[in-house]
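Labels below follow one simple rule: chain letters A, B, ... track the order of the sequence lines, proteins then strands, and each chain is numbered from 1. For clarity, every value in this text was computed on a predicted model and none was experimentally measured.
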Protein chains: 2
Amino acid sequence: MTIRDVAKVAGVSPITVSRALNHPELVTPDTLERVRSVVSRTGYVPNEIAGSLRSRRSRIVAAVFPQITNSMFVDTIQALSDCLRQEGYQVLLGLSSYEEREDELIAGILGRRPEGIYLTGIGHAPDTRRRLIASHIPVVEAWDLTPTPIDMLVGFSHEKAGEAMARYLLAKGHRDIGLVWGNDLRAGVRRKGLLSVLAEHGIPEVPTGLEPAPGMFQRGREGLAELLGSGARVSAVACSSDVLAQGVIAEAQDRGIRIPGDIAVMGFGDFDFAAHTSPSLTTIAIEKAMIGRLAAQALLARIQGKEVAERIVDVGFRLVERDST
Amino acid sequence: MTIRDVAKVAGVSPITVSRALNHPELVTPDTLERVRSVVSRTGYVPNEIAGSLRSRRSRIVAAVFPQITNSMFVDTIQALSDCLRQEGYQVLLGLSSYEEREDELIAGILGRRPEGIYLTGIGHAPDTRRRLIASHIPVVEAWDLTPTPIDMLVGFSHEKAGEAMARYLLAKGHRDIGLVWGNDLRAGVRRKGLLSVLAEHGIPEVPTGLEPAPGMFQRGREGLAELLGSGARVSAVACSSDVLAQGVIAEAQDRGIRIPGDIAVMGFGDFDFAAHTSPSLTTIAIEKAMIGRLAAQALLARIQGKEVAERIVDVGFRLVERDST
DNA sequence: CGCAAAAATGGTATCGGTAACATCCTTCGC
DNA sequence: GCGAAGGATGTTACCGATACCATTTTTGCG
């Protein structure tokens with residue numbers, strides 16, 4: 001079943017069928033009706049591959065994430081996908097697995113000629129960067145901040161987020177601060193910010209339970225156990241994610257440690273449970289869905305040839321104080 | 001930059017370039033080297049759209065999920081994507097949003113001529129079903145069971161899972177059983193199984209807190225509040241997901257209700273936290289990643305023309321008894 | 001060394017749409 | 001009633017790869 005078959009049955013030329021389907025306003029109501037009836041009767045499905053080749057418009061946007069299990073990105077994916085679909089774009093999903101396979105992955109993606117590319121983070125191989133720039137495809141990097149993005153960017157400063165966590169805990173009077181921290185890229189930057197503020201305040205040594213990325217509940221338990229086992233004095237524990245924090249709290253409660261009485265706990269991400277646990281969780285809230293929405297809008301704008309005024313959008317973050325600190 | 005440009009520079013014909021890239025074993029090491037050097041120097045990226053059109057092989061597999069926020073499907077997506085990528089396939093992600101937009105979504109997807117389609121669940125519009133069958137594209141439905149799948153199927157019986165939950169709680173001596181339940185399709189089937197067993201045992205009335213899909217932490221709290229507020233006597237609460245169960249437990253603990261002493265709580269899904277909360281959560285474990293892996297393998301096998309012996313794979317489920325019951 | 005078989009390479013057509021331009025048919029104003 | 005303008009439809013070529021078959025080159029062996 002090709003457009004030619006449909007055309008023959010409907011008694012028009014192939015291009016008229018094409019128009020009836022893609023630009024119905026250019027076609028007489030009469031022929032439109034005729035074409036549509038043939039299409040629905042025959043179950044004809046236009047081959048978008050052929051269309052894409054000729055029109056040089058793939059109607060595909062690629063989205064690359066390190067991984068999606070136990071991660072903060074699902075809300076972003078959902079929002080991104082919803083926005084793009086509304087405009088007739090489909091999402092090609094790439095999961096780069098936190099390993100260094102992003103390279104190959106993006107190489108493969110570029111062959112598909114997507115009209116836009118969403119990337120998680122700003123840490124890409126120089127080669128990848130070059131390739132992306134050379135491709136002239138609109139790119140949005142997200143979930144991080146840099147003055148020199150590949151193209152566009154929607155994110156926030158992890159360094160500042162880490163600093164905010166430190167300042168908050170200091171303001172609460174804590175000086176014996178321990179970390180339970182995942183080891184992914186962006187968490188590392190938050191940690192750096194956090195440590196730098198602590199250092200400024202004369203706290204150079206910070207006991208840390210480092211966990212493989214990304215934060216899982218059980219890792220939080222192990223992290224706290226590790227901290228306590230090390231003999232370090234700890235009056236507050238900062239975590240690189242709410243999930244870790246939840247694990248820390250569970251472990252503390254099992255050990256009869258009161259929160260926030262004995263130890264204050266702070267998370268990151270403002271997952272949907274954070275407001276509702278006991279105690280509710282002090283955390284850093286990120287507009288996860290907003291990032292996806294803004295990224296989609298930025299890509300769509302550029303695809304439609306509009307110049308995007310703000311190539312860098314800082315969505316910021318919000319420290320949400322709750323009962324765990 | 002097209003294959004012709006590369007060919008010209010390398011001093012060979014376009015087809016030789018094509019072979020060098022896709023079937024290097026058919027080409028002299030010498031020419032292979034020459035072509036590769038030109039490719040890497042020029043940054044040529046083959047246009048897969050053109051290749052797909054001619055070869056009728058899109059190297060794309062589409063995957064449709066109702067949604068991914070707060071859902072059990074992320075592990076499945078991850079496994080599916082990883083397996084497919086290993087074989088050179090890319091994943092076109094479709095999120096149908098639990099609303100009835102699956103139809104359009106799949107229509108759009110078919111135009112891309114994917115070589116395989118993964119669908120979540122077995123409830124599809126008759127029209128969609130027809131279209132999929134007519135397309136002759138391998139299809140795997142997953143996360144559910146039916147004797148009459150569109151094509152292939154990897155899942156388990158939600159009805160039996162519900163029954164198992166009921167039997168387990170009955171065996172534990174509970175007769176005052178309340179539900180906190182999400183209202184998505186598959187949860188509904190589990191509920192049906194559960195209620196039927198209870199009815200068999202002379203328990204026709206089961207107080208239920210129904211929550212909008214899918215289970216979220218806060219909904220669990222509200223669900224328990226609702227149950228208790230209704231005045232019904234409840235010695236056990238069954239939940240349609242571990243996340244809801246976690247909310248139920250949190251609410252109970254806040255109210256000074258001991259678990260499992262006063263009320264037993266049971267979840268579904270065996271999320272990664274289920275084993276590590278306090279008390280740890282009795283639940284139904286599903287091999288989420290395995291579903292993705294098997295689905296990918298089934299699709300790949302069919303794509304490679306192998307006949308799949310077992311078109312229906314029941315991955316079953318496992319009732320995991322822990323401390324919450 | 002000569003010939004058959006196999007390996008390597010090339011020429012041409014084609015996948016199924018749409019861009020670009022051409023043509024035909026209305027409509028409308030004077 | 002006629003010409004201009006605009007709307008509807010058609011013709012042709014082309015997007016950039018690869019399938020298919022033909023041709024050339026190399027290899028192996030008596």
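- D5(B) has its CG atom 13 Å from the C1' atom of dA17(D), to the nearest Å.
- Residue-level contact check: T31(A) touches the backbone only, with heavy atoms under 4.0 Å from sugar-phosphate atoms and none from bases.
- Atom-to-atom, CG of L53(A) to C1' of dT18(C) comes out at 10 Å; the value is rounded to the nearest Å.
- If you find the closest nucleotide of DNA chain C to P14(A) and to E25(B), the one lying nearer the 5' end belongs to E25(B).
- K8(A) has its NZ atom 13 Å from the P atom of dG17(C), to the nearest Å.
- Of the candidate nucleotides dG10(D), dT18(D), dG17(C), dG10(D) has the atom nearest to the side chain of I15(A).
- Atom CD1 in I49(B) sits about 13 Å away from atom P in dT18(D), given to the nearest Å.
- In this structure, the NE2 atom of H23(A) is 16 Å from the C1' atom of dG7(D), given to the nearest Å.
- Checking V12(B) against S52(A), the closest nucleotide of DNA chain C that is more toward the 5' end is the one next to V12(B).
- The closest side-chain heavy-atom distance from D151(A) to V140(A) is not below 4.5 Å.
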Residues V45(A), M1(A); criterion side chain to side chain contact (heavy atoms under 4.5 Å, CB included); working and verdict: CA-CA 8 Å; V45(A) 180; M1(A) 251 294 143; over 6 Å; no
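- For R19(B) and dG10(C), a side-chain-to-base donor-acceptor distance below 3.5 Å is present, hydrogens and geometry of angles not being considered.
- In R129(B), the CZ atom is crowded: over 12 heavy atoms of neighbouring residues, nucleotides or ligands sit closer than 6.0 Å.
- Between Y44(A) and dG17(C) there is a side-chain polar atom (N or O) within less than 4.0 angstrom of OP1 or OP2.
- Phosphate contact (OP1/OP2 of dA17(D), side-chain N/O of R57(B), threshold under 4.0 Å): absent.
- When only modelled atom types and interatomic distance are considered, Q90(B) and R85(B) share no side-chain donor-acceptor pair under 3.5 Å.
- For S13(B), taking side-chain heavy atoms from C-beta onward, the closest of the listed nucleotides dG17(C), dG16(D), dG11(C) is dG11(C).
- For the pair N47(B) and dC15(D), the criterion of a side-chain N or O lying under 4.0 Å from OP1 or OP2 is not met.
- The T28(B) side chain lies nearest to dA8(C) when the options are dA17(D), dA8(C), dG17(C).
- Between T16(A) and dG10(D) there is a side-chain polar atom (N or O) within less than 4.0 angstrom of OP1 or OP2.
- For the pair L21(B) CG and dA19(D) P, the computed distance is 13 Å after rounding to whole Å.
- In this structure, CG of L32(B) is placed 11 Å from P of dA8(C), rounded to the nearest angstrom.
- Donor-acceptor pairing under 3.5 Å, judged by distance alone, is absent between the side chain of R54(A) and the base of dG16(C).
- Distance, R4(B) CZ to dT18(D) C1': 10 Å, rounded to whole Å.
- Among the atoms of the strands shown, only primed sugar atoms or phosphate atoms (P, OP1, OP2) are found under 4.0 Å from some heavy atom of R56(B).
- In summary, R57(A) and E115(A) engage in a salt bridge, as defined by a charged side-chain N under 4.0 Å from a carboxylate O.
- Classification of R293(B) and D82(B) as a salt-bridged pair fails, no side-chain N sitting under 4.0 Å from a carboxylate O.
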